[in-house]
Every structure is written in C-alpha cells, then in structure tokens.
Amino acid sequence: MTMAQDRFKFVFTANEAATEGVTEPIRLPNLIRKAMSLARAPISKYKVGAVGRTSSGRVYLGVNVDFPGLPLHHSIHAEQFLVTNLALNSEKDLCELAVAVSVDGKEFGTPCGYCRQFLMEMSNALDIKILSKPKHETGSFSTLRLLLPNVLPKGSPFLLEKRDNCLTLLGPAEEICSSDCSHLKCKALAAANNSFSPYTESPSGVALLDNDGKWYYGWYIDSVASNPSLGPVQAALVDFVTRSRGKRFNKIVRAVLVEKNNAIVSQERTAKMILDTIAAPNCDFKVFHCSVDGAKRLKYLRDTLVIDTSVGDYAGLHY
C-alpha cells in the first residue's frame with residue numbers, strides 16, 4: 001500500500017511528510033485536511049485537526065473524537081489526541097503545532113485554554129511554536145509562553161519523560177506475568193507503569209482487544225488544571241483510532257483496567273460506563289489492582305539519579 005492510499009495514517013517520517021508538502025514547519029497546514037478527515041465527531045459535527053512536528057523530524061496528526069451516547073466532556077480534543085499520540089510513540093517533545101480553527105481547514109489559531117493547559121505538561125511547553133494563519137495568508141508562529149504563564153509547581157515532572165512507576169499486580173504469584181507477555185492485563189499493567197500522574201498519584205492503564213485479536217493500550221495523563229486530565233480509556237482509544245484503520249468502537253470486545261489499589265482517583269466506574277456505551281455488546285471488562293514495588297522503585301530512582309538515596313525520606317515521590 002502506498003502512502004497516498006493509506007488514508008488512516010497518523011504518523012509521518014520527515015521524508016513522508018515532505019512528499020505531502022510539509023518541507024518546513026510553516027507548511028504543516030498541508031496535512032490538515034488529512035487530519036480533519038480522520039476526526040470522529042458524530043455529536044458535535046465539528047471536525048478539528050491538528051498537525052505537530054517533533055525534534056525527531058516526525059510529523060503527527062491529532063483529531064477530535066466524540067463518543068456516541070456520552071456527554072461531550074468525555075470527548076478527546078485534537079491537541080490532546082496529538083500529545084497522547086506523541087506519548088504512545090515515545091517522542092520527547094513537540095516543536096511546532098498547527099490547529100485548524102475553521103471548518104474548511106484554511107484558518108489556524110491558538111488552542112483552547114483547556115488544551116493549552118494540557119500542552120503545559122511537556123518539558124519544552126513554553127517554547128512550542130503555534131501557527132496563527134488567517135485565510136489566504138502565509139501565517140506566523142508564536143510561542144505558548146505568550147498565551148499561558150508557567151503554572152506548573154516547581155520541580156514537577158514532565159509528560160513525555162521516560163518513566164517506570166514500578167507497579168506490580170496484586171494477587172497470587174501464578175497470576176502475575178512479565179510486562180511483555182501476551183495477556184491483556186499485562187499490557188494494561190505496562191500502560192499503568194507509563195502513566196503520568198504527579199498530582200493525584202493514581203496511575204492507571206487500559207488495554208483493549210478488538211474482534212480480530214489486535215490489542216491497543218493507553219494510560220492516564222494528569223493535568224495540573226485537573227479538568228484537562230485524560231482518562232486511560234480515552235488514551236487507549238487514541239491508540240485504537242490511530243492503529244485500527246477506521247474500525248468502529250463496537251469492534252472492541254475485551255478491555256482490562258489496571259489501577260492502584262485504593263487510588264485517590266479511581267477510573268473503574270468511568271471506564272465501565274464508557275465501554276458499556278461504545279464497545280461491543282457484552283464487551284468483557286475486567287479490573288486488576290496494583291501497588292508500588294518498593295524495592296524496584298528505589299532501584300529505579302537510584303539508577304535514574306532522581307534522588308540521593310544516601311540521605312532523606314523518599315515518600316511521596318511523583319509518578
């Protein structure tokens with residue numbers, strides 16, 4: 001299949017982007033119609049596309065996603081989708097961003113306040129260049145620091161940093177596998193170990209299985225502003241939308257949630273509600289609880305030089 005035939009493509013190498021006309025950041029709009037065509041907006045009927053470039057040279061698409069039968073506050077914004085797409089692909093940053101603000105995809109502007117907050121969780125957030133482009137004009141970039149002050153608490157971790165939450169499943173030893181096994185619960189555990197949860201300390205992950213046996217996963221992403229936080233089901237559905245080649249949500253037949261035992265923020269009820277509404281009838285949904293492996297956590301912190309383990313107390317370290 002040629003790239004021109006792959007209308008479900010969400011990630012482009014620098015060379016692939018160039019063949020689509022994106023030879024420099026100011027040309028990111030050349031991919032916006034492709035992005036907008038992939039949006040899923042059955043409720044709002046308003047398709048939003050976002051195109052972003054990273055320091056790796058790869059170009060990513062983001063789209064808005066509504067869920068039939070659910071209130072719009074469960075929806076995924078295009079910028080949230082794009083950032084989650086970066087996280088799922090282990091990118092380290094976002095350099096330039098173009099967001100369509102007109103239905104014809106010819107005008108570009110700043111993200112909404114909700115998404116500006118979500119973008120702020122990245123280490124280079126203040127330097128992200130955002131395209132402003134009226135119709136029929138070339139446009140120009142301005143940085144996020146001009147749109148939103150730095151509101152992160154001092155010493156906060158950042159969203160796209162590599163992490164291991166050092167979580168292990170609770171239960172009999174024979175039921176616990178390695179994170180690279182084929183069991184859906186272990187995929188969900190791997191997702192939970194990637195979860196970004198410095199404010200609520202409630203990491204969680206979700207793994208999904210479709211009717212063809214293909215799996216998808218995603219993890220909870222905290223926001224310092226609370227409301228822009230993205231649930232693990234929505235994050236897993238970003239993976240589903242990017243890799244399922246247009247499948248509908250009702251092709252999801254199994255789902256597993258892994259979350260911390262007695263977490264401050266529990267995802268179980270919300271996850272079940274979303275999946276009961278959009279997934280296949282009788283979708284098998286299971287929940288497994290986990291806890292932090294203290295010895296593994298301490299070793300991880302030593303190895304990553306997060307703490308000087310020769311002094312002090314390590315309680316309350318962020319996920």
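FYI, the numbering just counts along the sequence from 1.
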Can you give me every donor-acceptor pair (side chain of residues 230-238, partner residue at least two apart or in another chain, under 3.5 Å) with its distance?
from   : atom 1 : to    : atom 2 : distance (Å)
Gln234 : NE2    : His74 : O      : 3.3

Quiz: residues 272-284 side-chain donor-acceptor pairs under 3.5 angstrom, not counting sequence neighbours:
from   : atom 1 : to     : atom 2 : distance (Å)
Lys272 : NZ     : Asp276 : OD2    : 2.7
Thr277 : OG1    : Met273 : O      : 2.8
Asp284 : OD1    : Lys286 : NZ     : 3.1
Asp284 : OD2    : Lys286 : NZ     : 2.9

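No side-chain donor-acceptor contact under 3.5 Å links Asp293 to the backbone of Cys166. Looking at Ser202, its side chain does come within 3.5 Å of a backbone N or O of Thr200 through a donor-acceptor pair. Under the 3.5 Å distance criterion, the side-chain polar atoms of Arg7 are left unmatched by any main-chain donor or acceptor of Leu38. The backbone N or O of Asn227 lies less than 3.5 Å from a partner atom in the side chain of Tyr114, making a donor-acceptor pair. Looking at Glu259, its side chain does come within 3.5 Å of a backbone N or O of Gln267 through a donor-acceptor pair. For the pair Asn124 (side chain) and Leu94 (backbone), a donor-acceptor distance under 3.5 Å is present.
Judged as a side-chain contact (heavy atoms from CB on, under 4.5 Å), and not counting sequence neighbours, the contacts of Glu137 are Pro134. Partners of Ser56 by side-chain contact (heavy atoms from CB on, under 4.5 Å), not counting sequence neighbours, listed by chain and number: Thr54, Arg58, Glu91. The ring pair (Phe, Tyr, Trp, His ring centres under 6.0 Å) check on Phe249 picks up Phe67, Phe240, with sequence neighbours excluded. For Ser123, the side-chain contact (heavy atoms from CB on, under 4.5 Å) partners at least two apart in sequence or on another chain are Phe158. The side-chain contact (heavy atoms from CB on, under 4.5 Å) search around Thr110 returns Arg116, Leu147, not counting sequence neighbours.
Residue pairs meeting the side chain to side chain donor-acceptor pair (under 3.5 Å) criterion with at least one member in residues 35-45, sequence neighbours excluded, are Ser44-Asp66. Applying the salt bridge (Lys or Arg N to Asp or Glu O under 4.0 Å) test to pairs two or more places apart or on separate chains, those with a residue in residues 47-57 are Arg53-Glu96. A salt bridge (Lys or Arg N to Asp or Glu O under 4.0 Å) check over residues 216-226, counting only residues at least two apart or in different chains, returns nothing.
Shown here for Tyr217 and Ala190, the closest heavy-atom pair between the two residues is CE1-CB, 4.3 Å.
The hydrophobic cluster containing Val265, built from Ile/Leu/Val/Met/Phe/Trp/Tyr side-chain heavy atoms closer than 4.5 Å, also comprises Ile264. Annotation for Ile43: hydrophobic cluster partners, listed by chain and number, are Leu72 (ILVMFWY side-chain heavy atoms under 4.5 Å, direct or chained).
Going from atom CG of Leu28 over to atom OG1 of Thr23 covers 10.0 Å, rounded to the nearest 0.5 Å.
Side-chain atoms of Leu61 and Asn85, non-hydrogen and from C-beta on, never get closer than 4.5 Å to each other.
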